[in-house]
There are 2 protein chains.
Amino acid sequence: MGPPVADGPWLGMRQSMATRGQSVARTLRDGVLDGTYKPGARMNEVDISNALGVSRTPVRGALGVLAAEGLLDYVPNSGYVVRRYTVQDVEDVYAARSVLEGLAARTVAERGLSDHHRGMLHKVLSETQALCDAQEWSEEVRDAWSRLNEAFHEAIFEAAENRHLRELIGKSRSIPQLQAVKFRWHDLDTLAESYSDHLEIFEAIADRQGARAEYLAREHVYRSGRRLIANWRRFETPAPVRRPTRRVPRAA
Amino acid sequence: MGPPVADGPWLGMRQSMATRGQSVARTLRDGVLDGTYKPGARMNEVDISNALGVSRTPVRGALGVLAAEGLLDYVPNSGYVVRRYTVQDVEDVYAARSVLEGLAARTVAERGLSDHHRGMLHKVLSETQALCDAQEWSEEVRDAWSRLNEAFHEAIFEAAENRHLRELIGKSRSIPQLQAVKFRWHDLDTLAESYSDHLEIFEAIADRQGARAEYLAREHVYRSGRRLIANWRRFETPAPVRRPTRRVPRAA
DNA sequence: CCGATGGATATTGGATGCAATACGCCTTGA
DNA sequence: TCAAGGCGTATTGCATCCAATATCCATCGG
């Protein structure tokens with residue numbers, strides 16, 4: 001691990017990027033979102049450096065960025081800790097998300113759907129309906145539904161053509177452990193319910209019913225939030241018995 | 001400027017903070033918001049280091065954070081540039097802000113005002129009324145009004161007790177040059193109009209009229225946004241004649 | 001006269017070493 | 001037995017050095 005490093009295929013990097021710093025940031029961000037790094041966990045710079053095969057410099061940069069994104073808490077001279085979202089936090093996030101998605105839906109309804117976005121939404125809805133009609137439930141179905149749900153909402157944000165709105169929604173979707181918790185308790189009934197919501201939202205948008213689209217989107221997100229909140233506690237990592245201690249005694 | 005640095009009173013630092021990195025971040029953030037660093041300007045690490053009397057290390061950290069906050073654009077291997085907000089961007093921001101402030105107002109109306117927040121709002125409104133009644137207009141009046149406006153909205157966010165909402169609103173208020181542009185064209189009429197808006201919002205909240213509070217807040221922010229947008233172009237820095245070039249030839 | 005090409009150089013990216021800080025633990029005293 | 005203080009050490013903060021990269025500019029070829 002000398003200075004030049006010979007640029008081998010860095011193990012631990014999920015994808016090559018422009019700079020090591022960006023690469024590390026992406027790796028750590030994914031890790032926080034999917035629960036690899038659990039809420040309350042200390043982000044030790046040296047450990048991460050060793051794990052990713054880089055020096056502390058890009059790691060420090062990445063940690064600062066993730067803290068600015070709200071994924072980590074930073075305590076000067078102490079370090080970075082994965083931020084813990086309480087049930088209250090999740091409620092707050094979804095309250096905000098619901099009005100933002102409402103805005104997106106209304107905007108698209110008023111602006112009108114382009115053929116491109118109409119096609120995308122139609123495709124997503126068709127596939128979702130197929131999933132519903134199959135009347136089967138499995139890991140694969142759940143993942144497929146997760147992706148379709150993502151795609152539906154994503155298409156609406158994209159059609160709204162509001163850069164700032166995208167950034168805010170992105171922030172609202174960046175919750176530690178969210179990927180690990182979301183959809184975990186879903187079943188065929190909730191799938192059908194969500195599909196029906198999506199269909200109504202789409203029709204309202206297509207019919208350029210701005211106020212109705214906004215209301216439906218808000219309500220849809222609100223209900224999704226309720227489901228998530230009802231299950232959040234069950235997946236919470238246990239409370240921090242001791243305050244996040246600085247040093248973890250090594251095995252040796 | 002040797003390694004130990006003897007910790008003198010660093011010139012250029014506006015306030016001492018826990019770490020140099022935080023201090024630099026705050027200084028640069030203020031500079032971007034108040035227009036000291038103009039949109040499109042390159043943030044040269046060496047120049048900033050020299051200006052602030054620190055090494056490049058904390059500067060680099062701060063730049064990464066500001067980029068994550070959306071104040072700077074980052075191009076790998078090229079550097080950081082102050083993000084340029086077009087009229088479209090400002091429209092987008094205010095579209096989002098209006099629904100977020102609407103949410104805040106509705107939340108407070110439904111939750112009910114604590115005595116503390118009721119007192120704060122009352123105080124702010126009284127002072128604003130005094131400002132209106134004086135029927136004078138000056139730099140000082142404008143600044144006072146700016147602060148009172150800030151305080152009014154801030155009190156409502158605080159009363160909403162929604163941490164995430166606060167973060168999102170904060171992001172929506174972080175626009176380069178905003179401090180330099182905002183309120184610049186205001187006069188006694190717009191002051192009176194805004195005061196009247198604030199009063200109505202307050203009364204709706206106090207009367208626990210959630211839907212009405214939401215509507216009024218949305219509309220109020222929307223109108224403020226219209227005013228800002230109408231004047232944004234006039235204060236825009238001229239278009240970048242050449243693409244943001246990497247190197248600026250020195251005088252020597 | 002204009003476009004391509006190859007240094008020269010400014011600037012960023014990253015690694016390393018050292019200083020500063022805070023935490024854990026042990027000692028000491030009552 | 002428990003509280004207070006000091007020491008050792010892990011860890012972060014920062015400065016500096018070197019490598020990598022992109023831009024600029026001069027030169028060259030057409």
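Each chain gets a letter, A, B and so on, in the order the sequences are listed, and its residues count up from 1.
Here A/R42 reaches the OP1 or OP2 of D/dT12: one of its side-chain N or O atoms lies under 4.0 Å away. A close approach under 4.0 Å does occur between a side-chain nitrogen or oxygen of A/R20 and OP1 or OP2 of C/dA15. Dashed line: the shortest gap from a side-chain N or O of B/Y80 to OP1 or OP2 of C/dG13 is not under 4.0 Å.
Electrostatic pairing of B/R147 and B/E150 does not count as a salt bridge here, judged by no charged N lying under 4.0 Å from a carboxylate O. Salt bridge absent: B/E91 and A/R163 never bring a charged side-chain N and a carboxylate O closer than 4.0 Å. Taking 4.0 Å as the cut-off between side-chain N and carboxylate O, B/E167 and B/K171 do not count as a salt-bridged pair.
In this structure, B/G21 reaches the sugar-phosphate backbone alone: every heavy-atom distance under 4.0 Å involves primed, P, OP1 or OP2 atoms, never a base.
We find that CG of A/N77 is positioned 15 Å from P of D/dT11, with the value rounded to whole Å. Atom-to-atom, CD of A/E45 to C1' of C/dA15 comes out at 14 Å; the value is rounded to the nearest Å. When rounded to the nearest whole Å, the span between CG of A/L52 and C1' of C/dA15 equals 15 Å. C/dA15 atom C1' lies 12 Å from atom CZ of B/R60, rounded to whole Å. Atoms CG (A/D73) and P (D/dT12) sit 15 Å apart, rounded to a whole Å. Here C/dT16 presents its P atom at 12 Å from CZ of A/R56, a figure rounded to the nearest Å. Remark: P of D/dA22 and CG of B/N44 are 17 Å apart, rounded to the nearest angstrom. If you measure from atom OH of A/Y74 to atom C1' of D/dG13, you get 8 Å, rounded to the nearest angstrom.
Every residue two or more places apart in sequence or in another chain was checked for a ring-ring contact (aromatic ring centres under 6.0 Å, His included) with B/Y85, and none qualifies. In this view, A/Y74 and A/Y80 satisfy the ring-ring contact (aromatic ring centres under 6.0 Å, His included) rule, not counting sequence neighbours.
Along DNA chain C, the nucleotide nearest A/P76 and the nucleotide nearest B/V75 are compared for position; the residue whose nucleotide lies closer to the 5' end is B/V75.
A heavy-atom distance below 4.0 Å to DNA chain D is reached by none of the residues of residues 63-72 of chain B.
A donor-acceptor contact under 3.5 Å is formed by the side chain of B/T57 with the base of D/dA15.
Here C/dG14 is the nucleotide among C/dG14, D/dT12, D/dC14 with the atom lying nearest to any side-chain atom of A/P58.
Relative orientation of the A/F183 and A/W145 rings is perpendicular, given thresholds of 30° and 60° on the angle between their planes.
A/P76 approaches B/T19 most closely through the heavy-atom pair CB-CG2, 3.9 Å.
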